[in-house]
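Each remark here refers to the structure printed beneath this line.
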Amino acid sequence: MKVISSICPGCSIGCGLYLLESEEGEGKRIKILHRKNSAVNEGKLCEFGTHLHVYYGREALNNTADGREVEQNDAIEEAKKRLYGMKPEELAFIALPGTVTNEEILSFASLASEFRCENISFGFERFFREIPEEASYIIERGLPFSEVEKASRIILFFVDPFVHYPLLARRILKAKKKGAKVVEVAFAKNERGIADETVLVEPTAVAGIKEKKEIFENSLIIGELTPYTNLQFLELMMWLNASTASRLFLLKPFLNVTGAFLFGCGYFSKRKKDLFEIIDGIEREEIRALYLLETDLAGAMLGGEEVTKTISKLDLLIEQNAYRTVLSDTATITLRSEPFFMKKGTIVNIEGRVLELGGESEKGLQVMENMGKGRSYEEVHEEVKKRLGLPTLNEFVIAIKREERSFDMAEPKIESEIEGAEGEGYFLWYKTNPFFWCGVRNKNFVEISPAALRKLGLFRGDEVEIVQGERREKMGFKISELPPNLILAESKLSIKPFKGLLTGVEMRRADIKNKKIEKFL
Amino acid sequence: MPRYYLAWAKDERIREKGANGGFVTATLVSALETGFIDAALVVEKKSVYEGIPVLTSNPEVVKECAGSLHGAPINLTKYVVDYGAKKRIGLPTKPCDARGIIEQAKRRQVNLDNIVMIGLNCGGTLHPLRMREMAADFFGFDPDAVVKEEIKEGKICLVSKEEGMGEKEKWVKIDALEQKGYGRRDACKSCVTKIPTSADLACGNWGSNDTQKTFVEVLTEKGEAILKNAIESGYVEIEEAPGEGIEKRKQIEAGMQRLAEDWKERMDEVSALSRSERLEFYVDALKNCIGCGACKEVCPVCACEAGAKCLDMNDARDSYVVSMYNMLRIFHLMDSCIGCGECEDVCPVDIPLTLIHRRFSERMQRHLGYTPGMDVKERPPLYETELRWSAEE
Ligand SMILES: Cc1cc2nc3c(=O)[nH]c(=O)nc-3n(C[C@H](O)[C@H](O)[C@H](O)COP(=O)(O)OP(=O)(O)OC[C@H]3O[C@@H](n4cnc5c(N)ncnc54)[C@H](O)[C@@H]3O)c2cc1C
Ligand code: SF4
């Protein structure tokens, strides 16, 4: 029985835990042990964290070149040779920073520059282009949860903490116990009634919130920033923040997103190509080679099948990962790294704590260093510490602090039209969560309103069909107190949003009856 | 053989490192060395605030784990179930560990013949993070500089070693701490099982006047055998416990039980509420459940697997404010909850599960005349478990 101190890779909160690894027959068995001394989460974990052994039980990726299993060194040599064979502008590097350490981010960025590649994305670059530099700290840095607990007024801006970031919910509940007032600005009322006041917003009238600016005064605004966030929506949050006495705390989906902002894609990277632009570049066949680091691109993105199709246009796909992904079979070269819990290295959580992983493996980093500068783990780790200005690490210290600054922000124009939602249409709103980003469908249903139930004549056991052009998806449903035309989905469907995470769709009763609902766990 | 002893490790290093003379450690080491057990499940100190379970066959590891960690509120039951299946294991058990293991034995999840429980009396554990806050707020110490903790005669002692400042030691009355909301976990404050009488031995400092002698009560034949083994293999020395020690231990236990009853009343926010307010209290607390399943995962008496009723009858598509999962768990645990508070510790939305379960289970257990975890021969009264018993008989 081996006990490894670890961090949950499910979201940017970075809950601490122990993993107990034991031999069982041929394989290894992993069990979660709640780490009550963790400064971040006191040993508590959400559904994702509690079932991490499922996440870590996926099929491992092998080292391959052109579909053949090879030794890792040969795969590395082959990757290096082929990358040098491409023009820098034909190359792209992508890492969604869920299971990458600070050390790996540094190594990945330096590897990209080794090949003189400018197209390197960690998923957030485009946002920096449209915002003033003085405001960039809001994207780059989060806040300690003690600030949430201390707040006297909290605005939940289209965030359901119980779903999006479950370990944030208890901090808000604690603030409430101390007397904080919680106001939610949302398309639908939170079913758990966490808010003292709800400001309901029509999906087509988000701009209307500008007229209610005064509710944001003296508050802590909690919102979310994901690669899918609509830019106008981000500008709106920032404008509300800039024009009131408030603070804005943006939660993000990937564990080491703060590390990525520090070492890979902060404001300094604003001219770099963004994730979606790289995918467009591949579609247009301008980008011909892609290096994916620890990123299940098809699983993480909406419309995974289209992404897979686009990726198949590449001449060279290098996938470095611990586990197989949908794209592994398409990859020219696959490079096996170790699962996150086995890694050595550091991450920065959304609060600004620099946390150390308890594993021993340097394999992922060495794959990149063997292709690039050839540095040892210690050298890269020292550079991380130097750049962070931290001689020692302590999880109880908020090392990456943020200073509130005032900035000017022009009033954003919000376009209300949402494609495909005219007339009798519905709006589908994705409620992101840790399962969402790793492509696991843990809920096989959508939430609909009682009005929709009546209108479609649905019965228990029925399914609904959600339609968007050619795309359609059959799902179970749950009745929630929603506006008549709203549909909520916590799992990724084949429906791709037009803007942000909201999209217009049609819905009808599906003709399959009493289909057994599959359970994820 | 008499029932009560004072006992200690012969090896001076074990004696020094042990909480009260290292009897427990020496007994486990001797059991390993002589093949009495295959492995020991002990708690490794990571820091003053943290301990992790370790299953080992290496006596040196067991020696390293000597000492009591009051800031490590872990229940060892599920580790015994998961890792002790094919081994003969020995382990230290607080009353809630022993009770959990007994309940698992009733549910055929562990074979008690293979397990030796060296019970530890327990006044309670502290949540590690509350202990850090206490070190800063009450003791005026930098929590990271605390190198030692000890609990004795109703007081807690912290020793801090800050750079260039030497060692500082401070004792504070636990009662004073608890009046201010610090101190032991709520579950421990209200726990009335202070001596693990369902274990094979019960060890503690109550009844011993010597800080390096453990007071030991022999409770079973297995307990007697492991003690004999430790003496005969030269690891442990004993003397008969004096009558006044036995009496004093009884008195302390009774005093602690009265205090626990007192705490139960003080922490009970529900009894004084009207019927509708009570309903509001339960709904308010349980509606926050996010369905993570952690409470079931850590529950030391739950032996149900994937097909558990609480999971099976729960459908995430139901729009109930309080889920079937919670309702079923409350009903299911009414005869068996041992009140250890593990579920509350791991609940991501801080539902006061200890209190909620206690409100239902205490009454039911009184009504059934059944105390879970105390006697392996006493069957859990609720019918579904009985069906399982009769099916296997
Ligand atoms: C949390 C706690 C509270 C206690 N409260 C009392 C009390 O109020 N009155 C009393 O008479 N005695 C109490 N004891 C027992 C006492 O502290 C000694 O453990 C006992 O006297 C045996 O001493 P020893 O030197 O023989 O044990 P040692 O040789 O030091 O062996 C102790 C064993 O306990 C294990 N251990 C340490 N921490 C824990 C833990 N948190 N959970 C489970 N196992 C653990 C260690 O790994 C070691 O194997 C308590 C013990 C604990 C762990
Ligand atoms: S997914 Fe996020 S909230 Fe859930 S356990 Fe992991 S880090 Fe914590």
Side-chain angles (χ1 to χ4, degrees), chain A residues 1-3 5 15 18 20 22 29 31-39 41-51 161-163 166-174 177 191-194 394 396-397 433 442-447 450 460-461 476-481 490 517 519-521, chain B residues 39 41 44 46-56 71-74 78-79 82-83 125-132 136 142-144 185 283-298 306 311-312 314-319 321 342 344-351:
Chain A
M1 181 165 121
K2 194 168 157 197
V3 185
S5 166
C15 295
Y18 283 112
L20 272 72
S22 60
R29 179 166 158 231
K31 187 182 158 74
I32 306 299
L33 166 58
H34 298 262
R35 184 172 171 246
K36 297 178 189 176
N37 192 35
S38 167
N41 57 311
E42 305 194 1
K44 295 153 187 288
L45 299 167
C46 72
E47 187 184 3
F48 187 86
T50 306
H51 297 94
F162 293 98
V163 176
L167 265 288
L168 172 69
R170 62 186 287 264
R171 307 296 185 151
I172 297 168
L173 291 168
K174 280 191 176 187
K177 261 199 182 150
E191 62 173 0
R192 290 181 178 86
I194 193 171
N394 183 345
F396 288 94
V397 173
N433 56 75
N442 74 321
K443 297 246 165 79
N444 239 334
F445 59 85
V446 289
E447 291 175 56
R460 207 187 156 93
F477 63 88
K478 172 184 170 171
I479 304 300
S480 297
E481 278 177 51
E490 289 181 26
I517 301 299
K519 283 195 177 172
F520 164 58
L521 299 164
Chain B
L41 181 64
E44 182 192 329
K46 293 296 241 184
S47 76
V48 168
Y49 312 103
E50 194 163 14
I52 52 168
V54 181
L55 183 71
T56 181
I74 28 175
K78 286 278 167 94
Y79 303 94
D82 286 343
Y83 300 105
T125 51
L126 291 87
H127 190 287
L129 293 186
R130 302 293 85 73
M131 197 161 158
R132 288 182 66 96
D142 167 5
D144 288 324
R185 294 155 68 242
V283 171
D284 242 25
L286 292 167
K287 75 175 191 309
N288 290 335
C289 173
I290 57 166
C292 67
C295 51
K296 179 179 179 300
E297 204 74 29
V298 297
L311 300 176
D312 237 26
N314 184 64
D315 188 336
R317 292 173 307 164
D318 289 331
S319 301
V321 180
E342 284 293 307
E344 183 168 326
D345 278 358
V346 300
C347 175
V349 287
D350 297 334
I351 301 175

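All chains are named by letter (A, B, ...) in the order of the sequence lines, taking the proteins before the strands, and each is independently numbered beginning at 1.
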What heavy-atom pair brings [X] and [Y] nearest, and what distance separates the two atoms?
X         : Y         : value
Pro348(B) : Leu167(A) : CB-CD2, 3.9 Å
Val349(B) : Ala169(A) : CG1-CB, 4.3 Å
Leu33(A)  : Pro53(B)  : CD2-CD, 3.6 Å
Asp315(B) : Arg460(A) : OD2-NH2, 4.1 Å
Ser22(A)  : Tyr83(B)  : OG-CE2, 3.3 Å
Cys292(B) : His51(A)  : O-CE1, 3.2 Å

Discussion item. Apply side chain to side chain contact (heavy atoms under 4.5 Å, CB included) to residues Asp350(B) and Lys174(A) and explain how you reach the verdict.
Written reply: CA-CA 9 Å; Asp350(B) 297 334; Lys174(A) 280 191 176 187; 3.9 Å; yes
Worksheet item: Between the main-chain N or O of Ile479(A) and the side-chain N or O of Ser319(B), is there a donor-acceptor pair closer than 3.5 Å?
Response: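 Confirmed, Ser319(B) side chain pairs with Ile479(A) backbone.
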Practice prompt. Mark yes or no for whether Lys443(A), through its side chain, and Arg317(B), through its backbone, hold a donor-acceptor pair below 3.5 Å.
Written response: no
Worksheet entry | Test: Lys287(B) cationic atom under 6.0 Å from Phe162(A) six-membered ring centre, within 45° of axis |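 Output no; distance or angle outside limits.
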Taking side chain as everything from C-beta outward and backbone as N, CA, C, O, which of these in [X] sits under 4.5 Å from a heavy atom of chain A? Side chain, backbone, both or neither.
X         : result
Pro143(B) : neither
Thr56(B)  : neither
Val321(B) : neither
Tyr49(B)  : both
Asp318(B) : both

Item to complete: Run the salt-bridge test on Lys31(A) and Glu297(B) with the 4.0 Å N-O cut-off and return the result as yes or no.
Response: no
Discussion item. Between Arg130(B) and Lys36(A), is there a side-chain heavy-atom distance shorter than 4.5 Å?
Written reply: no
Fill in: Side-chain heavy-atom pair Cys46(A), Ile290(B) within 4.5 angstrom cut-off
yes
